[in-house]
Amino acid sequence: MKDWVIDFAELAREELPEDSAERLIGLLRPAIRLSAAEDGESVAGRLGGLPKLPDGIAWPSLTDGGRPMSFLAELDCGELARHEVDVALPRAGTLLFFATPDAGQSQVIYVPHGTAVAERPAPDDRVGVYAELPLAAATEPTWPPRNHPALVDVFGSLEQAEDLVWHHLLDEDTGEVFEQQLQLFEDGGRDGPPHQVGGYSDGLQSPIEAVAAHAACTGSYGDPAFQEEARQWVTLLQLAEDTRARMIWGDGAWLIWGIRKDHLAARDFSKVHLDVQGH
């Protein structure tokens with residue numbers, strides 16, 4: 001068993017019936033959690049600062065040629081490749097993430113390894129430059145949220161998963177259920193805002209896979225076309241609010257970029273789906 005699975009598997013097998021535990025463990029996905037890099041840690045990316053762009057690549061702006069977007073993050077694909085994750089990222093090069101202040105539009109730029117780049121100043125004073133925060137990486141387990149389409153694939157319906165997993169009673173006297181133990185487990189392993197590459201995103205309303213499948217007009221949970229479309233999507237990047245970089249989206253919101261697996265394999269980042277989810 002892989003190291004990132006062990007602690008979660010121990011919890012599930014201790015608290016759930018065997019069949020439910022094994023089905024839930026089988027749904028685990030490795031994600032790369034990004035946290036503020038300490039002195040001496042390898043840097044896998046950064047929030048904020050100014051982007052390093054190749055000559056000939058314009059600073060992204062609104063599709064109507066209006067206001068420039070803000071630069072949010074850079075990922076070092078070569079450094080991320082040292083960590084296990086469930087998405088087939090490029091093995092080298094960098095990914096640059098831009099978005100409008102309201103996250104209504106975004107652009108992701110892939111810069112292949114070896115491409116000459118230079119730090120690009122902000123095009124005008126309408127662009128807010130976030131404080132730069134270097135990020136370190138580590139693989140952690142992620143599991144599907146209660147409304148994830150993968151639960152339908154494995155348990156038959158979201159309602160079945162509720163009964164067999166999240167609402168499984170652990171203590172008749174206190175009414176404690178598995179979901180509460182799982183929350184304690186998650187809180188104990190989290191340090192700082194939950195920035196993340198790959199895995200199950202922490203969608204506050206709907207998983208990015210479900211958001212993208214709905215956008216493709218494939219029906220809803222349980223419909224074969226919806227389930228199939230949801231399986232094609234993965235989490236490219238999740239950014240939470242982070243006061244250290246002075247990144248505040250409002251309502252405790254998170255930005256989640258999803259991408260289809262075939263587009264990722266083709267290194268086509270022009271069709272990413274950005275979803276903003278807040279409290």
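All residue numbers in this chain count up from 1 along the given sequence.
Partner I109 forms a side-chain contact (heavy atoms from CB on, under 4.5 Å) with one of T94, L53, L95 and no other, that one being L53. Screening R46, E74, R244 for a side-chain contact (heavy atoms from CB on, under 4.5 Å) involving E132 leaves a single residue, R46. For the side-chain contact (heavy atoms from CB on, under 4.5 Å) criterion with L27, the lone passing option out of D153, V154, T142, V165 is V154.
No single ILVMFWY cluster, assembled from side-chain heavy atoms under 4.5 Å apart, contains both I57 and F97. Cluster annotation: L47 and W257 are assigned to the same hydrophobic cluster (Ile/Leu/Val/Met/Phe/Trp/Tyr, side-chain heavy-atom contacts under 4.5 Å, transitive). Clustering ILVMFWY residues whenever any of their side-chain heavy atoms sit less than 4.5 angstrom apart, transitively, puts L34 in the very cluster that holds L274. One hydrophobic cluster holds both V108 and V276 under the rule that ILVMFWY side chains link at heavy-atom gaps under 4.5 Å. Cluster annotation: L237 is connected to V85 through the hydrophobic network of ILVMFWY side chains, with a link wherever side-chain heavy atoms come within less than 4.5 Å.
Looking at R33 and D202, a side-chain N of the basic residue comes within less than 4.0 Å of a carboxylate O on the acidic one, giving a salt bridge. Salt bridge status for R82 with E79: present, with a side-chain N to carboxylate O gap under 4.0 Å. Under a 4.0 Å N-O distance rule, the pair E162/R146 qualifies as a salt bridge.
For the residue pair W4 and E84, a side-chain donor N or O sits within less than 3.5 Å of a side-chain acceptor on the partner. A donor-acceptor contact closer than 3.5 angstrom is absent between the side chains of Q183 and E179.
Between the D242 side chain and the M247 main chain, no donor and acceptor come within less than 3.5 Å of each other.
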Open item on the list: Does Q277 form a side-chain contact (heavy atoms from CB on, under 4.5 Å) with V211? I'd like the steps, not just the answer.
Closed with: CA-CA 11 Å; Q277 302 204 17; V211 170; 4.1 Å; yes
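Below 30°, between 30° and 60°, or above 60°: for W249 and Y130 the angle between ring planes is above 60°, a perpendicular geometry.
Crowding of D55 atom CG: a count of heavy atoms from other residues, nucleotides or ligands under 6.0 Å not exceeding 12.
Residue pairs meeting the side-chain hydrogen bond (donor to acceptor under 3.5 Å, both in side chains) criterion with at least one partner in residues 214-225, sequence neighbours excluded, are absent. Evaluation of the salt bridge (charged side-chain N to carboxylate O under 4.0 Å, His left out) test over residues 253-265, restricted to residues two or more places apart or in two chains, returns E229-R260, R260-D262.
Ring-centre distance between F71 and W59: not below the 6.0 Å cut-off. Aromatic pair Y200/W143: centroids not less than 6.0 angstrom apart.
Considering only residues two or more places apart in sequence or on other chains, R29 meets the salt bridge (Lys or Arg N to Asp or Glu O under 4.0 Å) condition with E209.
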